[in-house]
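Reading through the structure tokens given below for one structure.
Bear in mind the structure is a predicted one, so any value in this text is a computation, not a measurement. Note: hydrogens, waters and symmetry copies are ignored here, and every other heavy atom, side chains too, is used.
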Amino acid sequence: MATVNYCGFRCLKSRPWLQNVRSYSSSSVAASCSLNSPHPSSSFDDSEAQGPTTTATTTSTSPATPDRSQSFFPKRGQTLELVCETLAFKGKGVCKVADTGFVLMCDRALPGERFLGRVTRKKGSYGEVQKINTISPHWDFVDAPCEYASHCGGCKTQNLLYEAQVKAKEQQVHELMTHVGRFSNEDLDFSMVMKPIVSCDIQFHYRNKMEFSFSTKQWLPRDAMKGEQGGENSFALGLHAPGFFDKVLNVEKCLLQSEAANMVLEVIQNCWRDPPLGLSPYDVRAHTGFLKHLMLRTGRDAKTGSQELMVNFVTSSYKPELLEPLIGKISAIPEVISIINNVNTSVGNTSVGEEEYTLHGKSTITEILRGLTFQISANSFFQTNTHQAEVLYKLIEDCAGIRGDGSEIVLDLFCGTGTIGLTLARRVKHIYGYEVVPQAITDARRNAELNGIHNATFVQGDLNKIGQDFGDEFPKPDIVISDPNRPGMHMKLIKFLLKLRAPRIIYVSCNPATCARDLDYLCHGVAEQNIEGCYQLKRLHPVDMFPHTPHIECVCLLELA
């Protein structure tokens with residue numbers, strides 16, 4: 001059972017800098033860190049970051065009136081002494097200029113840390129700074145066990161005590177719900193609605209899927225650079241350095257994936273650069289080269305529970321003979337039961353190929369979730385943290401409040417491969433699932449058949465482009481489950497749900513900012529569009545699915561008012 005961290009959100013102070021996020025205007029605060037941006041805007045030019053330092057402006061407590069042209073609107077390149085107050089959405093540290101309260105966001109700054117930072121950009125009512133050096137460390141400092149933690153963009157908070165990580169995440173959800181969702185911080189009902197965040201009791205080796213990139217340009221920290229690099233010494237297999245689409249941080253071992261996956265990564269790292277093999281990494285600028293990505297997926301055998309590993313090579317063309325030496329080495333690892341080759345001939349950076357070939361073993365691996373067996377193909381969507389998905393799905397089931405008499409209809413929106421709906425299917429009359437990705441629908445149907453579930457219908461369709469006739473093909477549901485991707489739900493779908501008036505909606509979100517916005521629409525309406533809300537938020541569970549990262553999952557129960 002996962003441990004629950006009772007952080008006591010009711011005692012958390014509200015942050016005035018979060019006000020007006022809902023308007024999405026230039027006066028909006030940086031809490032959402034660009035709600036619709038897929039990547040945090042933390043990139044900067046190394047030459048600029050290492051450039052000349054201007055006169056430092058410290059966090060003076062002098063009562064003298066500040067020069068607003070200097071301190072309220074700091075100039076690009078200006079160096080300031082700052083203290084990080086808290087973490088904003090996407091994990092950026094929130095700092096304020098002394099006396100004025102002007103907000104500056106800093107990547108990798110943690111609560112309580114005092115540091116020197118250089119202003120890299122201004123965005124409306126807030127700016128961004130790059131940390132130069134730490135003056136005094138943050139509260140709850142711990143040594144990060146991963147050697148790449150200071151440079152990799154994945155685990156930004158490894159050196160923050162885990163209990164402090166989840167407390168910060170809970171605070172972010174609370175503030176977004178009060179300021180974006182307009183759920184009153186003073187309302188006693190809301191203080192009972194939002195539950196303490198559910199921690200993850202496995203904080204390393206929890207990911208069942210990792211994707212690494214091959215590159216002709218290895219990214220190195222400035223202190224590790226020794227002149228210009230070239231040839232095979234500059235080749236890399238690892239993770240993209242933050243802010244660079246063409247440079248990759250070479251990774252020998254990742255503490256988030258399984259040990260078996262790390263064994264495969266080590267074998268490949270030890271030989272793929274050997275000139276006799278003739279393997280070349282893909283150059284994203286010149287659009288030449290063979291190896292694009294390496295995807296490693298870990299599952300479990302349904303009968304024995306032993307680990308199963310899929311290795312997926314994404315290449316620019318189909319040349320299986322080039323991969324044969326690697327296949328011979330990694331197929332000797334007992335856990336490897338599937339080696340796949342996705343061929344992606346486009347110049348894009350996606351890992352999904354136009355063609356797929358099975359080079360060794362099976363075309364799928366299996367995973368067990370809430371008593372069901374799921375077959376996972378190379379490009380299937382599946383919850384990345386299987387252990388915590390068990391916790392998440394139990395919360396969804398509890399929120400659904402299924403009567404158990406087999407009479408209820410469930411509408412499963414953004415159903416992916418059907419995992420949520422299928423775990424509920426045996427207790428309801430029928431499941432209707434909708435998803436835009438055709439492969440996911442194929443997997444959902446196969447998973448239903450694999451588990452002997454015959455009361456589930458899965459339909460391929462774009463829920464952002466629904467027409468007036470959407471809903472005609474299924475009966476009115478008793479329960480709606482919506483699990484959208486990061487941008488949240490389209491207004492067309494929100495209008496449909498408000499018209500449908502299902503008794504219960506369970507909103508599952510991987511982005512608390514867009515979740516708060518959509519809950520606001522469903523509960524409070526949209527006055528400027530003459531849309532009235534008709535739901536009440538009854539329960540909200542933040543869940544930490546991905547320790548050491550800024551990502552937060554939420555399970556929300558809405559009931560018809």
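Heavy atoms only, all atoms of each residue included: Arg517 and Gly488 are closest at NH2-CA, 3.8 Å. Cys95 approaches Cys84 most closely through the heavy-atom pair SG-CA, 3.8 Å. Across every non-hydrogen atom of Ala149 and Ala144, the tightest pair is CB-CB, 3.7 Å. Here the closest heavy-atom approach between residue Cys515 and residue Ser509 is recorded as CB-OG, 3.2 Å. Contact detail for Tyr535 and Leu497: the closest heavy-atom pair is OH-O, 3.9 Å. Counting all heavy atoms, side chain and backbone alike, Ala389 lies closest to Gln383 at CB-CB, 3.7 Å.
Of the possible polar contacts, none joining the Tyr148 side chain to the Cys155 backbone as a donor-acceptor pair under 3.5 Å is found. Under a 3.5 Å cut-off, the side chain of Ser258 and the backbone N or O of Ala261 do form a donor-acceptor pair. For Gln130 (side chain) and Cys106 (main-chain N/O), no donor-acceptor pair under 3.5 Å exists by modelled atom type. Remark: side-chain polar atoms of Thr315 are not paired, donor with acceptor, to backbone N or O of Phe290 under 3.5 angstrom. Here the side chain of Thr100 pairs a donor or acceptor atom with the backbone of Phe102 at under 3.5 angstrom. No donor-acceptor pair under 3.5 Å is formed between the side chain of Lys292 and the backbone N or O of Gly289. Under the 3.5 Å distance criterion, the side-chain polar atoms of Lys169 are matched with a main-chain donor or acceptor of His551. With Asn250 contributing its side chain and Leu237 its backbone, the two residues share a donor-acceptor pair below 3.5 Å. Side-chain N or O atoms of Gln165 include one that pairs as donor or acceptor with a backbone N or O of His548 at under 3.5 Å. Side-chain N or O atoms of Asp520 include none that pairs as donor or acceptor with a backbone N or O of Gly525 at under 3.5 Å.
Looking at heavy atoms from C-beta onward, Phe212 lies in side-chain contact with Gln257 at the 4.5 angstrom threshold. Two residues are said to be in side-chain contact when any heavy atoms from C-beta on lie closer than 4.5 Å; Trp139 and Leu160 fail this criterion. Side-chain contact between Asn312 and Leu294: absent, with no pair of heavy atoms (C-beta onward) separated by less than 4.5 Å. Residues Glu147 and Lys253 form no side-chain contact, since every pair of their non-hydrogen atoms from C-beta on lies 4.5 Å or further apart. Annotation: side chain of Leu558 is in contact with side chain of Leu522 (closest heavy-atom distance under 4.5 Å). Gln529 has its side chain within reach of Lys495: a pair of non-hydrogen atoms, C-beta onward, lies under 4.5 Å apart. Contact of the Cys556 side chain with the Ile506 side chain is not registered, since no non-hydrogen atoms from C-beta on lie closer than 4.5 Å. Counting heavy atoms from C-beta outward, Met210 and Arg297 have side chains that stay 4.5 Å or more apart.
When only modelled atom types and interatomic distance are considered, Asn208 and Thr298 share no side-chain donor-acceptor pair under 3.5 Å.
The side chain to side chain contact (heavy atoms under 4.5 Å, CB included) test applied to Ser482 returns Leu413, Phe414, Pro484, Met489, not counting sequence neighbours. For His240, the side chain to side chain contact (heavy atoms under 4.5 Å, CB included) test picks out Ser213, Val248, Asn349, with sequence neighbours left out. Judged as a side chain to side chain contact (heavy atoms under 4.5 Å, CB included), and not counting sequence neighbours, the contacts of Asp283 are Thr216, Arg285, Ala286, Thr288. Evaluation of the salt bridge (charged side-chain N to carboxylate O under 4.0 Å, His left out) rule for Asp518 yields no partner, not counting sequence neighbours. Residues that satisfy the salt bridge (charged side-chain N to carboxylate O under 4.0 Å, His left out) test with Lys217, not counting sequence neighbours, are Asp246. Partners of Glu553 under the salt bridge (charged side-chain N to carboxylate O under 4.0 Å, His left out) rule, at least two apart in sequence or in another chain, do not exist in this structure.
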Next item on the list: Run the numbers on Ser346 and Asn344 for side chain to side chain donor-acceptor pair (under 3.5 Å), then give the verdict.
Entry: CA-CA 6 Å; Ser346 71; Asn344 177 10; 2.7 Å; yes

Checklist line | Audit row: Val198, Gln388, side chain to side chain contact (heavy atoms under 4.5 Å, CB included) steps and yes/no | finding: CA-CA 10 Å; Val198 179; Gln388 197 70 340; 4.3 Å; yes

Next item on the list: Would you sort out whether Gln78 and Arg118 count as a side chain to side chain contact (heavy atoms under 4.5 Å, CB included), showing the intermediate values?
Entry: CA-CA 6 Å; Gln78 185 177 359; Arg118 182 177 292 112; over 6 Å; no

Next item on the list: Applying side chain to side chain donor-acceptor pair (under 3.5 Å), run through Asn379 and Asn342 and close with a yes or a no.
Entry: CA-CA 9 Å; Asn379 298 313; Asn342 265 251; 3.0 Å; yes

Notebook entry, point to check: Step by step, would you call Gln171 with Thr86 a side chain to side chain donor-acceptor pair (under 3.5 Å)?
Noted result: CA-CA 9 Å; Gln171 180 173 307; Thr86 187; 2.9 Å; yes

Margin query: Run Tyr162 and Asp544 through side chain to side chain donor-acceptor pair (under 3.5 Å) and show every step you take.
Written below: CA-CA 11 Å; Tyr162 181 65; Asp544 186 24; 2.5 Å; yes

Next item on the list: Output, in order, the C-alpha distance, side-chain angles, deciding distance and verdict of side chain to side chain contact (heavy atoms under 4.5 Å, CB included) for Val129 and Thr120.
Entry: CA-CA 5 Å; Val129 297; Thr120 56; 5.7 Å; no

Next item on the list: Test Val119 against Leu80 for side chain to side chain contact (heavy atoms under 4.5 Å, CB included), laying out the working first.
Entry: CA-CA 8 Å; Val119 180; Leu80 308 171; 4.2 Å; yes

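Between atom CZ of residue Arg273 and atom CG of residue Leu291 there is a gap of 11.0 Å, rounded to the nearest 0.5 Å. In this structure, the separation between CG on Leu110 and NE2 on His138 is 4.5 Å, given to the nearest 0.5 Å. Separation of atoms CD (Glu113) and CZ (Arg108) is listed at 11.5 Å; rounding is to 0.5 Å. Between atom CD of residue Glu435 and atom CG of residue Asp462 there is a gap of 9.5 Å, rounded to the nearest 0.5 Å. Separation of atoms CZ (Arg207) and CG (Leu256) is listed at 7.0 Å; rounding is to 0.5 Å. The structure places OH of Tyr507 at 13.0 Å from CD1 of Ile396, a figure rounded to the nearest 0.5 Å.
Taking the six-membered ring where the residue is Trp, Phe190 and Phe183 present parallel rings, their angle staying beneath 30° rather than reaching 60°.
Aromatic ring centres of His293 and Tyr282 lie farther apart than the 6.0 Å criterion allows.
Using a 4.0 Å cut-off between charged side-chain N and carboxylate O, Arg114 and Glu81 make a salt bridge. Between Lys131 and Asp107 there is no salt bridge, since none of the side-chain N atoms of the basic residue sits less than 4.0 Å from a carboxylate O of the acidic one.
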